[in-house]
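Structure record follows, encoded as structure tokens.
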Amino acid sequence: MELLGQHRCFGGTQRFYRHDASSIGLPMRLAVFVPPQAEHEARPALFYLAGLTCTEETFPIKAGAQRLAAELGLILVAPDTSPRGAGIAGESDHWDFGVGAGFYLDATTEPWQRHYRMESYLTRELPELLAQTLPLDRQRLGICGHSMGGHGALTLALRHRGLFRSVSALAPVAAPSDCPWGVKAFTGYLGPDRSTWAAHDASALMAASSEAPFPDGILIDQGLADQFLTEQLLPERFEAACAKVGQPLTLRRHEGYDHGYYFVSSFIGDHLRFHAERLNRP
Ligand SMILES: N[C@@H](CCC(=O)N[C@@H](CS)C(=O)NCC(=O)O)C(=O)O
């Protein structure tokens with residue numbers, strides 16, 4: 001991993017890295033906050049997946065999570081939202097598909113399947129690489145995300161049982177098979193056969209579970225003034241699926257909050273505490 005920049009921050013360091021990602025076949029960038037406690041011992045890590053149009057810089061710059069992460073001793077890992085530089089014609093033409101919109105899955109269609117492999121990158125390559133490079137306890141990983149990243153957090157946690165001990169989301173795309181962003185992404189990355197989509201749809205995955213996958217609970221925050229709430233996010237679908245399988249879910253609906261980072265920064269602290277509590281258990 002090539003260290004591109006390092007900044008002292010609340011006694012720890014905010015770092016930016018670039019590395020050759022073998023699962024993607026291209027260089028990837030990521031941001032990592034290392035809390036002061038990591039100088040002495042391996043610490044738990046929270047992966048944060050950002051939403052459409054974001055980069056690895058969005059979370060460290062806008063969410064304001066470092067102060068509390070330093071107190072809690074949490075490493076924060078913020079990857080990019082898609083491969084960049086794949087050279088696919090038109091890959092930057094849409095803000096909700098292609099560059100900046102990788103949807104945290106492995107594409108199975110041409111021309112995307114060679115490089116658009118965010119799921120393999122995040123679940124196989126990155127935990128291993130980070131554990132080799134940083135004082136990170138590989139057995140204590142949590143995942144959270146916002147919007148498309150909320151979809152990523154929920155689906156990766158549900159698809160890779162045991163990899164992430166705790167999961168939460170802010171304004172997640174909760175039923176992507178049934179919203180315009182998800183239909184566009186799944187059609188493009190997985191093809192038109194809808195039977196392949198359910199495996200990447202948090203509500204469908206939860207509804208298909210035989211028992212509660214996260215008995216310690218899942219936390220979701222949602223703003224009620226979110227401009228994408230009723231057309232794209234559909235948290236009530238995930239809520240119904242959790243109820244069906246007995247999955248404990250705290251879904252908090254907040255009057256007046258919209259979709260952006262003023263909302264994320266208002267509630268990210270509760271997510272850090274939620275994860276720290278679960279990741280610090282022996
Ligand atoms: N570009 C879109 C909005 C995209 C958007 O809201 N992205 C969210 C994630 S889905 C975000 O976090 N944007 C970055 C930011 O708010 O700083 C639009 O013009 O409507």
Side-chain angles (χ1 to χ4, degrees), residues 14 16 28-31 33 46-66 76-84 90-105 116 118-119 122 143-157 167-189 200-203 219-238 251-254 256-272:
Q14 178 64 58
F16 294 92
M28 290 294 289
R29 290 176 182 240
L30 74 150
F33 174 73
L46 177 62
F47 281 43
Y48 175 92
L49 308 183
L52 295 167
T53 72
C54 294
T55 71
E56 77 288 353
E57 286 190 309
T58 311
F59 178 70
I61 292 175
K62 290 187 161 184
Q66 292 96 339
L76 301 176
V77 178
D80 203 348
T81 51
S82 77
R84 288 173 201 268
E91 68 178 339
S92 297
D93 288 356
H94 302 261
W95 63 268
D96 54 0
F97 184 74
V99 170
F103 271 84
Y104 304 109
L105 47 72
Y116 278 67
M118 291 299 286
E119 179 168 9
L122 293 170
I143 190 163
C144 89
H146 170 233
S147 196
M148 173 184 73
H151 143 78
L154 295 171
T155 54
L156 296 185
V167 57
S168 73
L170 296 128
V173 177
S177 309
D178 291 314
C179 76
W181 284 340
V183 169
K184 181 170 178 175
F186 287 179
T187 304
Y189 295 133
H200 299 277
D201 180 309
S203 299
L219 173 64
I220 294 183
D221 280 304
Q222 176 63 57
L224 289 177
D226 187 322
Q227 60 273 40
F228 300 116
L229 175 55
T230 53
E231 194 190 1
Q232 304 282 9
L233 304 177
L234 316 177
E236 64 282 358
R237 302 283 188 92
F238 189 70
L251 171 52
R252 308 190 300 184
R253 293 172 164 92
H254 303 281
Y257 285 88
D258 66 24
H259 193 64
Y261 269 80
Y262 296 107
F263 158 70
V264 172
S265 59
S266 298
F267 297 104
I268 193 68
D270 293 345
H271 289 253
L272 263 54

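Here the structure is a predicted model, which means the values were calculated and not measured. Each ligand, and each atom within it, is numbered from 1 in the order the structure gives. Values reported hereafter were calculated over all heavy atoms of this structure, with side chains retained and with hydrogens, waters and symmetry mates removed.
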Taking the side chain as every heavy atom from C-beta outward, state whether Y116 and E91 have any atom pair closer than 4.5 Å. yes
With a cut-off of 3.5 Å and sequence neighbours excluded, list every side-chain donor-acceptor pair involving residues 177-189.
{"residue": "S177", "atom": "OG", "partner": "D201", "partner atom": "OD2", "Å": "2.6"}
{"residue": "D178", "atom": "OD2", "partner": "R237", "partner atom": "NH1", "Å": "2.9"}
{"residue": "K184", "atom": "NZ", "partner": "H94", "partner atom": "ND1", "Å": "3.1"}
{"residue": "K184", "atom": "NZ", "partner": "D96", "partner atom": "OD1", "Å": "2.7"}
{"residue": "T187", "atom": "OG1", "partner": "V183", "partner atom": "O", "Å": "2.5"}
{"residue": "Y189", "atom": "OH", "partner": "G98", "partner atom": "N", "Å": "2.9"}
{"residue": "Y189", "atom": "OH", "partner": "A101", "partner atom": "O", "Å": "2.7"}

Can you tell me which residue pairs pass the side chain to side chain donor-acceptor pair (under 3.5 Å) test with a partner in residues 48-63, sequence neighbours excluded? Y48-Y261
Enumerate the protein residues lying less than 4.0 Å from ligand 1, judged by heavy-atom distances, in chain and residue-number order. G51, L52, T53, C54, K62, W95, H146, S147, F228, H259, Y261
Between the CG atom in L251 and the CG atom in L219, the distance rounded to the nearest 0.5 Å is 9.0 Å
Quick one, F238 and V173 - any side-chain contact, counting heavy atoms below 4.5 Å? no
Across all chains, not counting sequence neighbours, the side-chain hydrogen bond (donor to acceptor under 3.5 Å, both in side chains) partners of S147 are H259
